[in-house]
Amino acid sequence: MSEFITEDKRTHYCGSIRAKHAGENVVLMGWVHRRRDLGGLIFIDLRDREGIVQIVLDPEKKPQAHALAHDIRSEFVLAIKGRVNLRPADMINPSLKTGEIEIIIDKLEILNESDTPPFVLDGETEVSENLLLKYRYLDLRRRDLQRNIILRSKVASETRSYLQEEGFIEIETPFLTKSTPEGARDYLVPSRVSPGAFYALPQSPQLFKQLLMVSGFDKYYQIVKCFRDEDLRADRQPEFTQIDMEMSFISESDIINIIEGMMAHIFKTCLDRDLRVPFPRLTYREAIDRYGRDNPDTRFSLELEDLTDIAGGSEFRVFSEVAKGGGAVKALLLADGKTLSRKDIDALGAFVGGYGAKGVAWARVNEDGWTGSIAKFFNQEEIKRINEKMGAGPGSLILFVADTADVVNNALGALRIHLAEKLGLIDKETLSFAWITEFPMFEYSKTEERYMATHHPFTSPVEEDLPFLETDPGKVRARAYDLVLNGSEIGGGSIRIHKSDVQSMIFKTLGLSEDEARKKFGFLLDALRYGTPPHGGIAFGLDRMIMIMAGAESIRDVIAFPKTLKATCLLTGAPSEVSTEQLAELSLKRN
RNA sequence: GGGGUCGUAGUUAAGUCGGUUAUAACGCCGGCCUGUCACGCCGGAGGCCGUGGGUUCGAGUCCCAUCGACCCCGCCA
């Protein structure tokens, strides 16, 4: 047993010692960040989760400790006892928080040695993701990652304290649950005792939280893992965390108020940022029209303008034919068009190609009219009207996309963000929240040849739209709302259906027969018949919130043990093969 | 399912038109050094060029396949 652990307890974190501690005797534990051996004097930067402090070993004063320090290498674990010394003015290191002081060693013990790490932990050197994920426990020693993980803990804690204060009750719901159609692909877990039957890991606790409202808990929340077996992205992991909430006897405005309060609380306590509430609200229609997508980045303008009417009447057949066919012509305006060369614009054409658009048409505006290959197809009147609508003046560049409305919005919505990033229009310090409301209840899926729930099948339709359920489901609006922050959907929710007849109608519209609906959701339909209160809720993607708060570029940077894009864990090797015996026990066979 | 970027000492990268012994920095090992803090100086070791096949007199370099990481589209109620 180490002398230090039995006799000398740690008194401080390395990174927390300041000039005010000068003269004190301290006991520190930590990792060797760096050793500087000057032949005589040896300096050791000792690191723990709070930071780094310099230890001084003088061969004349403490020859034993000095001799021991000779064999110390990076990432050794040390316990030290020493005195906090104010550094002389010319030896202060302003780049360290502890730079005004150093620790003069009294006693040194090596608690453990370390192999040479596979990469340098200084946070400066770029290391391949591959290696970092394999040695995640070492990567997690780095300051940036530790800061993100600590921020995450703080956000979770402040969320809990806010919601508890507001009268919410944290309730756990099952992970081993029932696979339900609609939504994402499920992760399945085979049952040993029910051969051939499977549990599913929850995509969200949606139905359980509604049942808790039926039970009368009134205000529920949970910070909970959810699982979706879909293809991954920089901001998507197969298992991720939601702040999940549900309330009874409330309407949209109640939820919006609570959440604005919650966000203000979280950002104040965790980042010391004051948010302006209420957040702006946009309808889904407005968001699509102006930004091309339902998660608009409202930190900058560069909005889409609809020119279908004007451009559709022009001699330019690409536009007029799209307009005749029911499509759309929309455009973006760059006031300073000179920043984009002909070559740049060609690259934008390739960019929108990725979103199904055939290309970008463009026109440069000057005193007399337009230049560019499409200019000749427009008369002075049309040019004037388009310039006016776009707010274009000499030097402007207009970028058009013409196609079906969906393709145009998708392509220009993406192009808008691409250009903003390329041209530096985004202020990284800005936090721009927006509520998106009045989502359509259903979207028609061409691949499935049926209507699908935009939000989920338990969302309440707007009452006055109920007659359209039979005649034109695409017109039915949902009582759903998303919260968007800096172009990222961080949360979404809805007022739920609390009447079983309405729920049955929705299932019918989704193409679920009564039999199927009973089989899949019978327990919900039953519950709705026993005095279900009006209720609604919302869920937040905690990981995405932390990403934005931490300025992280990847969701992996805010999760302690993340998975790769192929949903594998390079640290543990999961998923892995299992023995034939294990499979047999589960009544499974390899094919 | 589709498109793209990448894979060379422990790490990060360079490697021209296919041609002699595959470079550099950092790290590592050894030596010197009493105020460094990315310490400095001197010396040294270190390579399955992701893997498998092919073309060629000759492949890190060209071709095919494959594995892995990352980014995007589809997908993610």
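This is a predicted model, so every value here is computed, not measured. Each chain gets a letter, A, B and so on, in the order its sequence line appears, and its residues count up from 1.
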Residue pairs passing the ring-ring contact (aromatic ring centres under 6.0 Å, His included) test with at least one member in residues 481-514 of chain A, sequence neighbours excluded, are A/F507-A/F521
Suppose you measure atom P in B/U12 against the same atom in B/G27; what distance do you get, rounded to whole Å?
15 Å
B/A13 to B/C6 separation - P atoms, rounded to the nearest Å:
12 Å
The nucleotide from B/G35, B/A38, B/C75 with an atom nearest the side chain of A/F43 is B/G35
Enumerate the residue pairs fulfilling side-chain hydrogen bond (donor to acceptor under 3.5 Å, both in side chains) with a member in residues 485-497 of chain A, sequence neighbours excluded, ordered by first and then second residue.
A/E246-A/R496, A/H456-A/R496, A/T459-A/S494, A/S494-A/R496
Who are the side chain to side chain contact (heavy atoms under 4.5 Å, CB included) partners of A/S95, not counting sequence neighbours?
A/N93
Considering residues at least two apart in sequence or located in another chain, which fulfil the side-chain hydrogen bond (donor to acceptor under 3.5 Å, both in side chains) criterion with A/T454?
none
Who are the side-chain hydrogen bond (donor to acceptor under 3.5 Å, both in side chains) partners of A/Q222, not counting sequence neighbours?
A/T173, A/Y220
Show every side-chain hydrogen bond (donor to acceptor under 3.5 Å, both in side chains) that has at least one partner inside residues 554-572 of chain A, sequence neighbours left out.
A/E129-A/R556, A/E239-A/K563, A/S554-A/R556, A/T564-A/T568
For this output row, return yes or no: ring centroids of A/F227 and A/F240 closer than 6.0 angstrom.
no
Side-chain donor or acceptor of A/Q54 under 3.5 Å from a matching atom on the base of B/U36?
yes
Could you pull out all donor-acceptor pairs under 3.5 Å where a side-chain atom in residues 65-73 of chain A meets a protein atom, sequence neighbours excluded?
unit_1, atom_1, unit_2, atom_2, d
A/H66, NE2, A/G40, O, 2.3
A/R73, NH1, A/H70, O, 3.1

Sort me out a list of protein N/O and nucleotides 41-50 of chain B N/O pairs below 3.5 Å, or just none if empty.
none

From B/G27, B/G30, B/G74, pick the nucleotide closest to the side chain of A/R233?
B/G74
Check this for me: does the side-chain of A/D231 come within 3.5 Å of the base of B/C75 through a donor and an acceptor?
no
C1' atom, B/C26 versus B/A38: distance in rounded Å?
10 Å
Could you go through nucleotides 68-70 of chain B and list every protein N or O atom that sits under 3.5 Å from one of its N or O atoms, giving the distance for each pair?
unit_1, atom_1, unit_2, atom_2, d
B/G68, OP1, A/K566, NZ, 3.0
B/G68, OP2, A/K566, NZ, 3.2
B/G68, O2', A/N130, ND2, 3.4
B/A69, OP1, A/T564, OG1, 3.1
B/A69, OP1, A/T568, OG1, 3.1
B/A69, O4', A/N130, ND2, 3.3
B/C70, OP1, A/L565, N, 3.3
B/C70, OP2, A/L565, N, 2.9
B/C70, O3', A/R556, NH2, 3.1

Name the closest nucleotide to the A/R87 side chain, picking from B/C75, B/U36, B/C39.
B/U36
